[in-house]
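Written below as structure tokens is the structure these notes are about.
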Amino acid sequence: MARRTGRTGRTVLVLLFDGVQSLDVTGPVEVFAGAEQHTPGTYRIRTASLDGAPVRTSSGLHLVPDQALGTGPQPDTLVVPGGRGTRNPDPRLTEWLRRHGTGARRLVSVCTGAILLARAGLLDGRRVTTHWAYSDRLARDHPAVEVDPDPIYIRDGNVATSAGVTSGIDLALGVEEDLGRDVALTVARHLVVFLRRPGNQAQFSAQLAAQTARREPLRELQHWITEHPGDDLSVESLAARASLSPRHFARAFQAETGTTPGRYVDRVRLEHARRLLEDTGDGVEEVSRASGYGTPEAMRRAFVKALGTSPAEYRRRFRPAPVS
């Protein structure tokens with residue numbers, strides 16, 4: 001049964017503008033609304049456009065805001081969605097963010113909403129992410145911002161940025177910070193999503209992050225590697241499987257996939273190990289063997305280098321709690 005908090009509610013304000021991505025808006029709104037339904041009095045969810053006028057989303061939907069920017073209380077959580085409208089935004093929107101963004105306890109961007117925050121100077125000196133297709137542009141246009149294109153979301157102090165669309169739901173499930181894991185889990189179950197994916201989970205799997213090779217033997221080899229991370233995946237072994245010399249294989253693989261065989265294997269093994277740690281109860285030693293690391297120490301070094309944490313700590317933080 002829902003319990004009342006006795007509070008007037010923290011204001012969650014979602015910005016609207018022409019060309020906004022509708023899912024960047026509705027995803028987080030549904031999460032906060034679900035939390036409010038579970039624990040009435042927690043959140044006051046509002047949407048706002050520059051003049052309070054309806055906006056047309058990038059897909060053609062029309063959204064009617066609750067208010068105009070500049071009316072109502074200072075938001076506790078300010079959500080800035082992305083979409084085509086971030087490419088050439090109204091200068092008044094950027095100016096409003098510059099003046100009011102720092103007043104929010106929690107500042108959140110979804111997808112290319114990070115571009116708006118960067119234009120307003122709110123991301124300088126911070127590590128952020130955005131949709132992979134726009135990360136280079138963000139880094140080029142805003143050199144004071146540290147852009148990491150890989151994670152699905154990043155938290156840096158009170159600022160959280162995400163890769164786009166569904167990752168905005170992951171960020172909004174930060175209601176766990178406000179209301180606890182049980183409420184967040186209830187909302188996640190209702191929306192049929194994971195409670196929260198690890199923020200440093202890559203935007204793409206190893207296979208999607210690399211280009212697909214044009215030649216069928218190399219393309220098939222890419223699939224084979226992902227299905228056999230525990231096998232001998234040395235350049236010599238892979239070259240023999242592709243019926244090429246090691247030197248020719250290494251050059252051809254990088255030319256066609258955009259990455260070296262070694263880096264591709266490293267990503268596949270890390271991804272496989274993370275999945276086992278998140279989804280199974282297998283011990284660290286068993287996971288290290290199944291993922292091709294051989295020993296727990298080798299896997300620990302790989303995790304610390306790539307993720308900044310050990311396998312045991314990764315499991316503790318990111319494996320979902322058993323559902324009773």
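Quick caveat: nothing in here was measured; it's all calculated off a predicted structure.
- Considering CG of L69 and CZ of R46, their distance stands at 12.5 Å, rounded to 0.5 Å.
- Atom CD in Q67 sits 10.0 Å away from atom CG in L16 (nearest 0.5 Å).
- Side-chain N or O atoms of E285 include none that pairs as donor or acceptor with a backbone N or O of P296 at under 3.5 Å.
- Not counting sequence neighbours, E286 has no partner by the side chain to side chain donor-acceptor pair (under 3.5 Å) test.
- Under the 4.5 Å side-chain heavy-atom criterion for grouping Ile, Leu, Val, Met, Phe, Trp and Tyr, L15 is not connected to V64 through any hydrophobic cluster.
- A242 and L221 get closest at one heavy-atom pair: CB-CD2, 4.3 Å.
- Annotation: salt bridge (Lys or Arg N to Asp or Glu O under 4.0 Å) contacts involving residues 62-81, sequence neighbours excluded, comprise D76-R105.
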- Working for side-chain contact (heavy atoms from CB on, under 4.5 Å), residues T42 and F32: CA-CA 9 Å; T42 301; F32 284 111; over 6 Å; no
- Begin with the C-alpha distance, continue with both residues' side-chain angles, and end with the deciding distance and a verdict on salt bridge (Lys or Arg N to Asp or Glu O under 4.0 Å) for R99 and E95. CA-CA 6 Å; R99 287 188 286 109; E95 181 58 28; 3.5 Å; yes
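- Side chain of R155 to backbone of A160: no donor-acceptor contact under 3.5 angstrom is found.
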- Task: Before giving the answer on side chain to side chain donor-acceptor pair (under 3.5 Å), spell out for T57 and S22 the whole-Å C-alpha distance, their side-chain angles and the decisive distance to 0.1 Å.
- Result: CA-CA 6 Å; T57 71; S22 57; 4.6 Å; no
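- Other residues, nucleotides and ligands contribute at most 12 non-hydrogen atoms within 6.0 Å of the CZ atom of R84.
- Checked by atom type and distance alone, the side chain of R10 never pairs as donor or acceptor with a backbone atom of Y43 at under 3.5 Å.
- Q74 contributes a side-chain N or O that, together with a main-chain N or O of H100, makes up a donor-acceptor pair within less than 3.5 Å.
- With contacts defined as side-chain heavy-atom distances shorter than 4.5 Å, the pair D90/L50 qualifies.
- Considering CG of D232 and OG of S237, their distance stands at 4.0 Å, rounded to 0.5 Å.
- In this structure, OH in Y314 is found 8.0 Å from CG in L270, a value given to the nearest 0.5 Å.
- Although no hydrogens or angles enter the test, the distance criterion places no donor-acceptor pair under 3.5 Å between the side chain of S291 and the main chain of Y293.
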- Item | Worked verdict on H131 versus T112 for side chain to side chain donor-acceptor pair (under 3.5 Å) | CA-CA 6 Å; H131 191 285; T112 53; over 6 Å; no
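- Although no hydrogens or angles enter the test, the distance criterion places a donor-acceptor pair under 3.5 Å between the side chain of R98 and the main chain of R119.
- Each of V80, V25, L63, V20 was evaluated against V14; a single residue qualifies, V25, per the side-chain contact (heavy atoms from CB on, under 4.5 Å) test.
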- V284 and M299: side-chain contact (heavy atoms from CB on, under 4.5 Å), yes or no, with the steps? CA-CA 9 Å; V284 170; M299 185 169 74; 3.5 Å; yes
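- Between F17 and T86 the shortest side-chain heavy-atom distance falls below 4.5 Å.
- Between A120 and L97, the shortest heavy-atom contact is CB-CB, 3.8 Å.
- The aromatic rings of F249 and F253 sit tilted relative to each other, their planes meeting at an angle between 30° and 60°.
- Scanning all heavy atoms of the two residues, the minimum distance from Q222 to Y264 falls at O-OH, 3.5 Å.
- Using modelled atom types, one side-chain atom of T71 and one backbone atom of A68 make a donor-acceptor pair closer than 3.5 Å.
- By the 4.5 Å heavy-atom criterion applied to side chains, Y134 and V147 are not counted as neighbours.
- Remark: side-chain polar atoms of H142 are not paired, donor with acceptor, to backbone N or O of A144 under 3.5 angstrom.
- Side chain of S49 to main chain of G52: a donor-acceptor pair is present (N/O by atom type, distance under 3.5 Å, no hydrogens or angles).
- Looking at T309 and V304, their side chains never come closer than 4.5 Å, going by heavy atoms from C-beta outward.
- Taking each heavy atom of D18 and P54 in turn, the nearest pair found is OD1-O, 4.4 Å.
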- Task: Let me see the working for D51 and R92 under salt bridge (Lys or Arg N to Asp or Glu O under 4.0 Å), right down to the final yes or no.
- Result: CA-CA 10 Å; D51 301 311; R92 293 178 298 161; 3.3 Å; yes
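- Between E297 and R300, at least one side-chain N (NZ, or NE/NH1/NH2) sits under 4.0 Å from a carboxylate O, which counts as a salt bridge.
- The two residues R126 and D156 have their closest heavy-atom pair at NH1-O, 2.7 Å.
- Between L277 and P311, some side-chain heavy-atom pair lies under the 4.5 Å cut-off.
- In this structure, the side chains of R269 and L233 come closer than 4.5 Å at one or more pairs of heavy atoms.
- With salt bridges taken as basic N to acidic carboxylate O contacts below 4.0 Å, none links K305 and D266.
- Between P81 and D24, the closest heavy-atom pair is CB-CB, 3.5 Å.
- Residues L13 and V79 form no side-chain contact, since every pair of their non-hydrogen atoms from C-beta on lies 4.5 Å or further apart.
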- Task: Test side-chain contact (heavy atoms from CB on, under 4.5 Å) on R106 and V108 and set out the steps.
- Result: CA-CA 6 Å; R106 186 161 48 198; V108 177; 3.9 Å; yes
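- Under the salt bridge (charged side-chain N to carboxylate O under 4.0 Å, His left out) criterion, E227 pairs with no residue at all, not counting sequence neighbours.
- T130 contributes no side-chain N or O that, together with a main-chain N or O of L138, makes up a donor-acceptor pair within less than 3.5 Å.
- Atoms CG and OG1, on N158 and T102 in that order, are 9.5 Å from each other to the nearest 0.5 Å.
- Rounding to the nearest 0.5 Å places CD of E146 at 7.5 Å from CD1 of I154.
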